[in-house]
**Student:** 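Input: one structure, supplied below.
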Amino acid sequence: QVQLVESGGGLVQAGGSLRLSCAASGRTLSIYVMAWFRQAPGKEREFVSFITWSGGSTHYAGSVRGRFTISRDNAKNTVSLQMKSLKPEDTAVYYCAADIGTGRYDHWGQGTQVTVSS
């Protein structure tokens, strides 16, 4: 099992920046892919970005490409999401998730709230 804990959420003005972090513990050597998702009030959970643990390959949703950057520190077992040029529509609970090789995101953090004011 892998345990995930997000941190770094908060309130920020439109156009501002925020950095989210996710700390992994447990069977961290089993991690294949880590990702960020978000869920806004009244909407379904939405994919944001992923990074492969070994090679560092990344992918972004079109809505955040060019504004958000995902990174990982394998030695510290953390993944981060640097968010810039934030918009009110980025307001959501942000979750990190891990795939340990099953092809599914079976491990999830508790979420951290990001609120962007206009």
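Being a predicted model, the structure only gives us computed values, none of them experimental.
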**Student:** Rounded to the nearest 0.5 Å, how far apart are CD1 of Ile70 and CG of Leu20?
**Tutor:** 10.5 Å
**Student:** Given side chains that start at C-beta, do those of Thr115 and Val12 come closer than 4.5 Å, heavy atoms only?
**Tutor:** no
**Student:** Using atom types as modelled and distance alone, determine if a side-chain donor or acceptor of Tyr60 lies under 3.5 Å from a backbone N or O of Arg67.
**Tutor:** no
**Student:** Which one of Leu29, Asn77, Ile31 satisfies the side chain to side chain contact (heavy atoms under 4.5 Å, CB included) criterion with Val2?
**Tutor:** Ile31
**Student:** How many angstroms lie between atom NZ of Lys87 and atom OG of Ser118, to the nearest 0.5 angstrom?
**Tutor:** 14.0 Å
**Student:** Got a donor-acceptor contact below 3.5 angstrom from the Arg72 side chain to the Ser54 backbone?
**Tutor:** yes
**Student:** Quick check: closest heavy atoms across Cys22 and Leu4, and the distance to 0.1 Å?
**Tutor:** SG-CB, 3.9 Å
**Student:** Just by distance, do the side chain of Glu6 and the backbone of Gly111 share a donor-acceptor pair under 3.5 Å?
**Tutor:** yes
**Student:** Rest of the hydrophobic cluster containing Val33 (Ile/Leu/Val/Met/Phe/Trp/Tyr, side-chain heavy atoms under 4.5 Å)?
**Tutor:** Tyr32, Phe37, Phe47, Phe50, Val93, Tyr95, Tyr105, Trp108
**Student:** Hey, could you give me each pair passing salt bridge (Lys or Arg N to Asp or Glu O under 4.0 Å) that has a residue in residues 13-36? Not counting sequence neighbours.
**Tutor:** none
**Student:** Report the distance from atom CG of Leu81 to atom CZ of Arg38, rounding to the nearest 0.5 Å.
**Tutor:** 9.5 Å
**Student:** Please determine, by modelled atom types, if Gln3 and His107 share a side-chain donor-acceptor pair under 3.5 angstrom.
**Tutor:** no
**Student:** Counting distance only, does the side-chain N/O of Asn74 pair as donor-acceptor with the main-chain N or O of Trp53 below 3.5 Å?
**Tutor:** yes
**Student:** Please check: side-chain N/O of Thr102 versus main-chain N/O of Arg104, any donor-acceptor pairing under 3.5 Å?
**Tutor:** yes
**Student:** Is the shortest heavy-atom distance from the side chain of Val64 to the side chain of Met83 under 4.5 Å?
**Tutor:** no
**Student:** Please answer whether the main-chain N or O of Ile100 pairs with a side-chain N or O of Ser30 as donor and acceptor at a distance below 3.5 Å.
**Tutor:** no
**Student:** What closest approach, in Å, do Val114 and Gly9 show between heavy atoms, and which atom pair accounts for it?
**Tutor:** CG2-CA, 4.2 Å
**Student:** Can you tell me if Thr91 uses its side chain to pair, donor with acceptor, with the backbone of Val116 under 3.5 Å?
**Tutor:** yes
